[in-house]
Amino acid sequence: MSCLQTIADYGLRSIGIGERLLPREDFTLCQQFTLIGSGMIWNVYFGLIALLTGFFLATAVALGKASSNPLARKPSEWFIFVFRGSPLFIQFFFAYFAFLSLKSVSPVFDPLTSAWLGAAIVLFLNTAAYSGEIFYGALLSIPKGDTEAADAYGFSGMTKFRKITWPTMLRLAWPAYTNEAIFLFHATTLVYFSGFPAWRQKGDALYYANYFADKTFNPFVPYPILAGYFILVTLVIISVFGLVNRRLNRHLPQEVRGRLKMRMNLIR
Amino acid sequence: MFGFCTDPDTLSGLSWMACYLTTGKHMAIYWSVGTVLLLLAITAPAALAFGFAGASAARSRILPLSWLGRGYIAIVRGVPDIAFFLFFVIALDQFFEWIRHKAKCPDWDQPIRQGNDFVVCAEAKLPLGNAAQWVHETYGFFLAVLTFAIVFGAFAANVLFGAMRAVPRAQMETAEAYGMSPRQCYWRILVPQMWVYALPGLSNLWMVLIKATPLLFLLGVEDIVYWARELGGAKTARFTDYPHGDWRMWYFLALLVFYLMFTRVSEIVLDRIMKRLTHGQATSGGEAQRKAA
């Protein structure tokens, strides 16, 4: 079987298009590259969904935590504490079994027990808590002069937030937020190891890598392939976030521009 | 456990719960909390040692050694940690077996990788095929600890590498001016001073390490996640004296609360340590303490 044929058969296997049976013996390098790459679709899907939706909740949570009204502050503080203080792995397990018991209440909740929705919700809440804390820190370190200048020019309420506070907060938080995005993508590999079933063997990249490692007793091929894919994803994230960072800092003098510094010392 | 537990069918309410939570299997889950603590107690110093070695290698003047250190830090941190956990457990196991195979069966002529199998001679198997159950479990736990130490060593190496660079340059220059050799500069000036700068990063790492302990489950150790799944599943009266429905959700809620309390307590303790260490230091933290007093 040629490599092109393998790609046609397994390229979209992880979303259920193509050959139904996974390869069982005589695993070729091409098969491993194709299937693990096909699994990356799920990692990218989970990462993007959680990042895009989590961003808005994170902003809300950060504002809530910085608010002087205890009705907004307390829930935000607890939300951040619960999701940052407990392991993501346990959160996945708990959510999956909670969704299972919801399912027995009404069939409306059926999709929650499948990974595409249930795991996405957990990742969304989790990343919202982590980025919320980052945004909160940035909110506190907005230079006093900036907001005073905004007051002096007659900005108030929503306009002040949209034109002054929010862009400055993002600018300050951006390097840390880039790290958060990278680790969110890494965290998506936990999904299929934490209760959520890979229905009809439609799993993510690590699921397939693990499949090959189990079948061949040789971890030295599939895991480096997986690592290569993730390094690629990481590079893409860094360049995309770098572009945004350039735009956020475009009004600053050249030397002051916040350079993206990679400090990856965080995992869930 | 309690005297009134002899006939579970007659129990109800609180006393049923008391008996249920003290069955033999529940004792196993309480012991596995001990496993988690043991893992933390062994891994934290081991990871620190790996990190120290990695950071020292990364700032070495010997170029290949420096590359090795930097590569170790970059690769382990750039790839999902769970992939590394799954990888190292098999890779280390095969590595140990391969070494024993080379040492114990020198006249073995077949290749080790035969198709999809990894074959070593019977004497090289780890643990030996006829070993007791506890040997297997201990070996599995040992592999898990080593894996954790390697992965978290890279994170610690990153923190220590940054801390070494944070030590004021003037300190090192003074040491050189006094005629200390590079080795003396390193051990007498750099290493004692770097810990103040490393502490925030290391305490962050400790929290991350706590939150990584449930991954033991993936490495095949019978830890709290394993027991929570076992005990929580629905039980019918045929197999147990304490039948119940699917309670896995509640078991994992308990684990969630356990980890929340654990991280909260660590946070408070680490805060105290940081306060104690910054006391009297010429940093903004120390200055703030002086003003408050």
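Basis for what follows: all heavy atoms, side chains included, without hydrogens, waters or symmetry-related copies.
Taking OH of A:Y223 as the reference point, atom CG of B:L86 lies at 4.0 Å (rounded to 0.5 Å). Taking CG from A:L88 and CG from B:L215, the interatomic distance works out to 9.5 Å, rounded to the nearest 0.5 Å. We find the CG-CZ distance between A:L206 and B:F85 to be 12.0 Å, quoted to the nearest 0.5 Å. The CG atom of A:D214 lies 6.0 Å from the CD1 atom of B:I90; values are rounded to the nearest 0.5 Å.
B:F95 CZ: 12 or fewer foreign heavy atoms inside a 6.0 Å radius. More than 12 heavy atoms of other residues, nucleotides or ligands sit less than 6.0 Å from atom CZ of B:F161.
Among residues 97-106 of chain A, the residues having any heavy atom closer than 4.5 Å to a heavy atom of chain B are, in sequence order, A:F97, A:A98, A:L100, A:S101.
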Decide yes or no on side chain to side chain contact (heavy atoms under 4.5 Å, CB included) for B:F258 and A:I90, but give the supporting numbers first.
-> CA-CA 11 Å; B:F258 165 71; A:I90 304 284; over 6 Å; no
From CA spacing to verdict: side chain to side chain contact (heavy atoms under 4.5 Å, CB included), A:F89, B:F217 = CA-CA 10 Å; A:F89 197 51; B:F217 168 68; 3.9 Å; yes
Do B:R229 and A:F93 pass the side chain to side chain contact (heavy atoms under 4.5 Å, CB included) test, and can you show the C-alpha distance, the side-chain angles, and the key distance before you say yes or no?
-> CA-CA 9 Å; B:R229 273 164 57 116; A:F93 269 117; 3.5 Å; yes
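Of the listed residues (B:F262, B:Y259, B:W250), the one with the most heavy-atom contacts under 4.5 Å to chain A is B:Y259. Counting heavy-atom pairs under 4.5 Å between each of B:L255, B:L256, B:I224, B:T213 and chain A puts B:L256 at the top.
Applying the side-chain hydrogen bond (donor to acceptor under 3.5 Å, both in side chains) definition to pairs two or more places apart or across chains, those involving residues 37-50 of chain A are A:S14-A:S38, A:N43-A:T188, A:N43-A:D204.
For A:S86 (side chain) and B:L260 (main-chain N/O), no donor-acceptor pair under 3.5 Å exists by modelled atom type. Distance alone, capped at 3.5 Å, is enough to place a donor-acceptor pair between the B:K211 side chain and the A:R84 backbone.
Using a 4.5 Å heavy-atom cutoff, the side chains of A:Q91 and B:F252 are not in contact.
For B:F87 and A:F220, the ring centers are positioned less than 6.0 Å apart.
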